[in-house]
Amino acid sequence: MDLENNDLTPFQRSVLELTKKIPSGKVATYKLLAKVLGNEKLSRAVGNALNRNPFPIVVPCHRVIKSDGFIGGFAKGTEAKIKLLIKENVLINKSNKIDLRKYLVDEAILKE
DNA sequence: TGTTTGACAAGCA
DNA sequence: CTGCTTGCCAAAC
C-alpha cells in the first residue's frame with residue numbers, strides 16, 4: 001500500500017491498513033480493530049489513530065464505529081459520517097445506532 | 001522526559 | 001436502567 005512512504009508510526013499504519021480492509025456496506029468497531037491488533041484495550045488508541053487520519057480519502061474511517069452500535073466520532077463531524085454510511089447502504093436506527101449483527105464485518109476479513 | 005489527551009470500553013453506584 | 005468513574009494504550013504537548 002501507499003501508506004508505507006509516510007512517516008506514520010507502525011501502530012498507526014496497522015490501524016489504517018486494517019480500516020482499508022473493511023468492505024463497503026460493512027462496519028467495524030474500535031474494539032474489534034483493537035482485538036485484531038492484539039489487545040482489545042487498544043480501542044482508545046485506535047480511535048486516536050483514526051482521528052489523526054492522514055488519508056481521509058484512502059482510508060474509510062467512517063466505517064469504524066463504537067462497539068455498542070453508536071456512531072462514535074468523526075473528524076469531519078458525525079453528520080458527515082452518517083451520510084457516508086447511508087450512501088453505502090448501512091442503515092441507522094432512529095436512535096442513531098447501527099445494527100452490528102447485520103453490518104459488522106467478519107474478523108477474518110480484517111486478518112486477511 | 002513527564003504529563004495530558006482522546007473518534008473507546010467495562011464496571012460500579 | 002441511566003449515568004458517572006476508572007482503566008488502557010499510543011501520540012501529541
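Basis for what follows: all heavy atoms, side chains included, without hydrogens, waters or symmetry-related copies. If you're wondering where the values come from, they're calculated on a predicted model, not measured in any experiment.
Note that NZ of A/Lys31 and CD of A/Glu40 are 4.5 Å apart. Values are rounded to the nearest 0.5 Å. For the atom pair CG of A/Leu32 and CD1 of A/Ile22, the computed distance is 8.5 Å after rounding to the nearest 0.5 Å.
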Which nucleotides of nucleotides 3-13 of chain B have their base under 4.0 Å from a protein heavy atom (B), which only their sugar-phosphate (S), and which neither (-), written as one string 5' to 3'? ---BBBSS---
What do the steps show when you test A/Glu79 against A/Lys83 for salt bridge (Lys or Arg N to Asp or Glu O under 4.0 Å), and what is the final call? CA-CA 6 Å; A/Glu79 293 297 321; A/Lys83 281 186 184 179; over 6 Å; no
Evaluate the criterion side chain to side chain donor-acceptor pair (under 3.5 Å) for residue pair A/Arg44 and A/Asn48; output intermediate values, then yes/no. CA-CA 6 Å; A/Arg44 214 169 192 175; A/Asn48 219 321; over 6 Å; no
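Between A/Glu88 and A/Arg63, at least one side-chain N (NZ, or NE/NH1/NH2) sits under 4.0 Å from a carboxylate O, which counts as a salt bridge.
Between A/Leu33 atom CG and C/dC9 atom C1' there is a gap of 15 Å when expressed in whole angstrom units.
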